[in-house]
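Order of listing sets the numbers, starting from 1, for every ligand and every atom in it.
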Amino acid sequence: MIELRAGSATDVGLVRSNNQDRLLIADPLFAVADGMGGAAAGEVASATAVNTLREVFEPIPSPTSDDLVRSAESANRAVWDLAEANAEMRGMGTTLVALALVEDGRLAIINIGDSRVYALHQGELRQVTEDHNLVAELVAQGRLSEEEAEFHPRRNIMTRALGVDPDVPVDLFVEDPESGDRYLLCSDGLPREVKDDQIAAILRRLRDPEEAARELVDEAKRRGGNDNITVVVVDVVDASKKGDAVDATTVVPPVAPEAPNQGTPSRRRGRRQRKHDTAESSRPKARFITIRVVLFVLLFLLILAGAAVAIAWYARSAYFVGLQGQNITIFKGRPGGVLWWKPTVARTTTTSVNDIESRHLPELQAGVQEPSLGAADDYVSSLVREKQQAESSGLPPAPPAATTSVPAPSSVPPTT
Ligand code: MG
């Protein structure tokens, strides 16, 4: 029969003034949360998440992996509700990783954010969870190498966090543990400073989980300690071979306010999901791209597209009669064009400049606008008829147009 033994350590690090991480050891449930938000909000978020997770999960007599997911969803709602009710806590959020022994002796692991769970199996370290941050996703998509990711300026930008939206997708991983396996839950303050092979070496070297946890935290501090560091080491042991079982101890600092009543947890999500929410956040100063921001950007793009369509319509909705060499030609568009929409030839006529009164040439050089192709045709016909009538009546040609000639009327009534 499988049982769990755990050790833990947490430290503010060498740079931060307060520790916004929280950890939970409540056998068979273990968790790490890394809060974010101004003032004390980050601490409230991580503590509320961990406390709610425990309050919802612990009373379940024979919990399943789905129960762990639902408990995390309740924790999300608790942090969200608290932020909604308190203006100074708006925008707070937290990561959450949790591990629990569930039915059939399996281990359920959930993740939201960029805290991590690792598994050490027969000396080999494997990251179980996938980080919900921008850089990790770019690496997964093959758009960024591991080396580029390590020093990427946006490596702290999270794509998913607990408590920043009323609902959050929860990643679920189910493991079949073997005696001797070791699991590590940690906030990002550990892997930011200590490489995976160094983490593995410490986990292999120190058999006592408490000692291993403390050494991991100390190593992160020796390498910079730029963030809060929190570590929970959970050993899988065979109860029949085990000596004294370690009593479960809760080491959650009593900082958090009481979480609001959770009501009935949502059943909407039960399995590991890949769907991303729209929250994007980073620490230490929380930043979120909310649905409102996305909608605003979409609206702005729609307005731009609408303006482009309107200009295109204006540019292409008219016709004008002009000259192409010696020929009278009908163009589609506006004389001279509008922005990048240039006029195109709509119809080449057989009428040349010799077939019309020369006084019309200046206005044709400028382009005479007409509302439709038919109106443009009528205008050309009227110019030809005008000259023919003048010739048949024997009148002398009309004088050239004045320099301030007025364009011809949009349509000259045909004289049939
Ligand atoms: Mg952190």
Quiz item: Going from NZ on K332 to CH2 on W341, what distance comes out if it is rounded to the nearest 0.5 angstrom?
Solution: 13.5 Å

Exercise. Measure from the Mg ion (ligand 1) to every N/O/S atom of D227 and report the name of the nearest one.
Key: OD2

Quiz item: Just wondering, more than 12 heavy atoms not from K195 lying within 6.0 Å of its NZ?
Solution: no

Practice problem: Find, among atoms of D188 that are N, O or S, the one nearest to the Mg ion (ligand 1), and state its name. | Solution: OD1

Self-check item: D34: its N/O/S atom lying closest to the Mg ion (ligand 1) (atom name)
Solution: OD2

Quiz item: Among T52, V56, N76, L29, which residue meets the side chain to side chain contact (heavy atoms under 4.5 Å, CB included) test with S71?
Solution: V56

Quiz item: Quick one: does S46's side chain have a donor or acceptor within less than 3.5 Å of a partner on Q20's backbone?
Solution: yes

